[in-house]
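Numbers restart at 1 for each chain; the letters A, B, ... are given by sequence-line order, proteins then strands.
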Number of protein chains: 2
Amino acid sequence: MNIGEIARRAGVSRSTVSYALSGKRPVSEDTRRKIQQVIDELGYQPNASARALANGRTSTIGLVFPPAGNHYTGMQLDFIGSVTEAAAAYDYDVLLSPSGVDSDRSFQRLLGERRVDGAILMEIRLQDDRLDHLTAVDFPSVTIGRTARPEGSWWVGLDHTALAAACVHHLADLGHRRIAFVNRPEQLLRAGYESAQRGLDGFTKAAAERGLTVRTYCCGDDATSGLTCLERILYDDPATTALVTLNEAALGGFYRGLAQAGRHVPRDFSVTGVVAGRWAEAVTPQLTAADVPAEQMGRLAVDLLVQRLDHPETPARNHLLAPPISLRASTGPVGAGPADLAPDFGTPTHP
Amino acid sequence: MNIGEIARRAGVSRSTVSYALSGKRPVSEDTRRKIQQVIDELGYQPNASARALANGRTSTIGLVFPPAGNHYTGMQLDFIGSVTEAAAAYDYDVLLSPSGVDSDRSFQRLLGERRVDGAILMEIRLQDDRLDHLTAVDFPSVTIGRTARPEGSWWVGLDHTALAAACVHHLADLGHRRIAFVNRPEQLLRAGYESAQRGLDGFTKAAAERGLTVRTYCCGDDATSGLTCLERILYDDPATTALVTLNEAALGGFYRGLAQAGRHVPRDFSVTGVVAGRWAEAVTPQLTAADVPAEQMGRLAVDLLVQRLDHPETPARNHLLAPPISLRASTGPVGAGPADLAPDFGTPTHP
DNA sequence: CGAAATCATCGAACCGGTTCGATTCTCTCT
DNA sequence: AGAGAGAATCGAACCGGTTCGATGATTTCG
């Protein structure tokens, strides 16, 4: 069932069918109806490859994210979901590309074989060769996260510096003097991951400002690493009373470690950080944290990309978000008395 | 940089370039070298749309999953990741389609516009109109999960019946007599989701076999719903001593509810179910559960689909998996004494 | 009333690949 | 030496759309 078949059955030429469908030239009401009728009868839908070849647009956007190996985090899932749905609303499909660097085969395919009209990059590094490459060949893209020099490029990002600082101030206000910072895995920090770098930066500066004693750690993206890391923290400085983390996947491990060490959260120890809201609420006690608005970010990224595709000459736009800290149940004043200060679900009512 | 440009610069015809690249006809060593040299110079890669149009294959597979709205679970994330990586290994790209039913626009696009060579469907229902549709039009597909009548179709599935039953037997062996079953949301159960239906079935039969007193619940896919559900369970029958769940997203809520009610896990209450391993290990205490081998399943699904695409006449194949229960820390004998039976991280070593 | 503008439609060219049949040249075998 | 096989290459057709320019019919207006 191709356009020629439709044309034949409707008794018109192929071009007329095309114009009837696209509306780019007037077609008489009669023929339009006749064509539509044939199309409905046969359930015709134009072939995407042929259309893409002819008009140079694939109606597909690429979503580039680093391969798992290391694990996926919940945040990535939220991005993938929201990007896909936002794209669907614009009649774009989403092609997944698991690429960490610009030399990845799948990344080359996206670009070189022109499989997509534009790309959204996740997990940006401060120096990102993937983005450099895209910029060099003038390929429309939007990043979730921003590089060291984000001017003139399209992105939606989180103000990790401010967010980490806000966590520090929150803890300092509660009286904490010795706090730890738990970052994403060292490998990612080294590679220059934006959130890891800027988060660390914001934390360090804010802590210096408030005159706090701090230690910083890197930690694998899983609960077991979290547990190990927490043991290390308490070993290095048993007087630590709080931690700030960017590592949502390790959260369960921190809690477990604290429980094992007999530290009650938040009575004896406060935990906070920058985490997707949905995951902050999945742990007990619920995490006081700056909630990463992953869904909104995915949507915004698609909005920007579509705009860029529709109006190629628009000057670069971006969105820098800095969500407030959501107060939940994992932080409290330092050195508080026993039970009376435990929030929300106070004394166990053991039967 | 199209194939004509390469041909001109190499001083040969377009077809020769094509044959040099595909190897489908012999090309002399000299010309092959010359062509390769030009290609390297210009960084030529053949246009995917043109190639797809010409030979009818897009080298893309569609991954169909229901839209979020309701939330994504960790398991879905694992599927998406593993499918994408497995596909990349076969040089296939993955196109995401958020479609719950066969009338979704994005689903229609995949098929009608021939954007993909084949599809992998997630979140299968016992009667699945998407699969019916694909089967009717003879479109190559593999499902993750199986319908009520899976004979003759391609799938990789989990034996939810057996898995839920195994959980029941595990608890019954530990002496539990009154246990609850917490399913996925009611809406999904009603819609006929395979895991929800077969899991409930397996649970019910095994419980009857062992003469247990049971109640079954549905619960939203988030921690808050989990909390509410758990309160309900203890309200309905305070003598309940264990629960089996398929709902990994609500897990955090169960634990929180149990903590609030003063029930210690596993001393006073056991929790088990069918959950992706990575998430079972993220909670404290770690969940004793049948681990869903999401990565393996995604890989197998791609293997099957690629095989089906390469050999269209192969009779249908499938994989039914039934992973064993991984013993961790969330289940224990009923009515055990106080601290001595707490596993793994016994007495707190408070400094 | 005739020229100009507008409308509806058609045919041909094009997008960038793949593939088939034909052609030319060289080598082998009888 | 001549027939036949096989290698290397070319030109043309094709995949299924879109788009441009041309054409004939109809309407508008001076």
Worksheet item: Between B:Arg14 (side chain) and B:Ile3 (backbone), is there a donor-acceptor pair under 3.5 Å?
Response: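 Absent.
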Worksheet item: Is the backbone of B:Asp91 close enough, under 3.5 Å, to the side chain of A:Arg109 for a donor and an acceptor to pair up by distance?
Response: yes
Discussion item. With a 4.0 Å cut-off on N to O distance, would you call B:Asp104 and B:Arg130 a salt bridge?
Written reply: no
Fill in: Ionic contact status for B:Arg299 with B:Glu295, cut-off 4.0 Å
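Result for this pair is no, no salt bridge flagged.
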Discussion item. Please determine whether a side-chain nitrogen or oxygen atom of B:Ser28 lies at a distance below 4.0 Å from atom OP1 or OP2 of D:dT9.
Written reply: yes
Discussion item. Counting only heavy atoms not in A:Arg190 (residues, nucleotides, ligands), do more than 12 fall under 6.0 Å from its CZ?
Written reply: no
Practice prompt. Going 5' to 3' through nucleotides 11-20 of chain C, assign each nucleotide B (protein heavy atom under 4.0 Å from a base atom), S (under 4.0 Å only from sugar-phosphate atoms) or - (no protein heavy atom that close).
Written response: B-B-BBBBBB
